[in-house]
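Here the structure is laid out as C-alpha cells; the discussion comes afterwards.
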Amino acid sequence: AQSVTQLDSHVSVSEGTPVLLRCNYSSSYSPSLFWYVQHPNKGLQLLLKYTSAATLVKGINGFEAEFKKSETSFHLTKPSAHMSDAAEYFCVVAEEGTNAGKSTFGDGTTLTVKP
Amino acid sequence: DTGVSQDPRHKITKRGQNVTFRCDPISEHNRLYWYRQTLGQGPEFLTYFQNEAQLEKSRLLSDRFSAERPKGSFSTLEIQRTEQGDSAMYLCASSPSGRDTDTQYFGPGTRLTVL
C-alpha cells in the first residue's frame with residue numbers, strides 16, 4: 001500500500017520569497033513521485049517527476065524537489081515566488097510493476113502569493 | 001491540441017438520472033485512468049485500462065458506475081441512478097507504454113452536479 005501526506009493545507013508567501021511545500025510518502029517499493037499543479041478551472045499539469053536517476057529533480061517554472069529516502073520526503077521548492085504560482089499543488093506517488101501509473105494523490109496544498 | 005480531452009466539461013442532472021462521460025486520451029497512449037475529485041481533496045483513483053482491458057477498479061466504484069474502452073482508444077464512464085454524493089469533478093488521464101508508463105497526462109475534467 002502507498003500513501004501521501006501533504007503537511008500543509010495552505011501556504012502563503014510574498015512575491016519574491018522562497019516557496020516550500022512539504023510532502024511525505026509511504027510506499028512498499030522504490031516509488032515514482034510526482035508534483036502536479038492545478039490552477040483554478042484548469043487541468044492538472046505535471047511539474048516534475050522523480051525516478052531513481054537523481055535525488056534533486058528540476059521541473060518547470062523554476063520548481064525543484066528533493067527526494068530524501070531516509071526521511072521519506074519529497075518537498076517542493078522554488079527560490080522566488082511569482083504571482084502566477086498561486087494554485088493548488090498535489091504530491092503523488094505511483095505504483096510500479098504491473099500497476100505502473102496507478103497513483104495516490106495527497107490532499108493538496110493551496111499556495112497563495114501576496115503582492 | 002493533442003492533449004487529453006473530455007466531454008462534456010460540465011453536466012447538471014437530476015438525482016436518479018443516468019449520465020455518461022467521454023475521454024479521448026493522447027494518441028497512442030495505451031493506458032487510461034479515471035479519477036474523481038471532490039472539493040478540497042486530491043483526485044481519487046477509480047479505474048484504469050490498458051488498451052481495452054480494464055485492469056483494476058477501486059472499491060469507490062459502486063455497481064452504479066461502469067467504464068468501458070471498447071477499442072482501446074476513447075473511454076466512457078457511465079453513472080446510473082445518480083445520487084447527490086456523485087457530484088464531483090471526474091478526471092481522465094492517459095500514459096504511454098514503456099519507461100514513462102507511470103507518467104500521467106490529465107484532461108480538463110468533467111464537473112458533475114447532481115440536483
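Numbers restart at 1 for each chain; the letters A, B, ... are given by sequence-line order, proteins then strands.
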Atom of B:Asp102, atom of A:Phe34 and distance for their closest heavy-atom approach: O-CZ, 3.1 Å
Which portion of B:Arg111 sits near chain A, non-hydrogen atoms under 4.5 angstrom: neither
Top of B:Gln37, B:Gln6, B:Glu44, B:Arg9 for chain A proximity - count of heavy-atom pairs under 4.5 angstrom: B:Gln37
Partners passing salt bridge (Lys or Arg N to Asp or Glu O under 4.0 Å) against B:Glu83 (at least two apart in sequence or in another chain): B:Arg64
Interface residue of largest heavy-atom contact number with chain A, from B:Ala93, B:Pro108, B:Pro43, B:Gly40, under 4.5 Å: B:Pro43
B:Tyr35 side chain near A:Phe105 side chain, heavy-atom distance below 4.5 Å: yes
Proximal component of A:Leu46, with respect to chain B [non-hydrogen, under 4.5 Å]: side chain
Near-ring test A:Tyr36/B:Phe106, centroid separation under 6.0 angstrom: yes
Cluster check A:Val37, A:Leu33: I/L/V/M/F/W/Y, side chain < 4.5 angstrom: yes
ILVMFWY network linking B:Met89 to B:Val19, side-chain heavy atoms under 4.5 angstrom: no
Neighbour count >12 (heavy atoms, 6.0 Å) for atom CD1, A:Ile60: yes
Heavy atoms from other residues, nucleotides or ligands near NZ of A:Lys49 exceed 12 (cutoff 6.0 Å): yes
Under 4.5 Å from a heavy atom of chain B, the part of A:Gln38 involved: side chain
Taking distance alone, no hydrogens or angles, what donor-acceptor pairs closer than 3.5 Å link side-chain atoms of residues 62-75 of chain A to residues at least two apart or in another chain?
from	atom 1	to	atom 2	distance (Å)
A:Glu64	OE2	A:Lys58	NZ	2.4
A:His75	ND1	A:Cys23	N	2.9
A:His75	ND1	A:Cys23	O	3.4

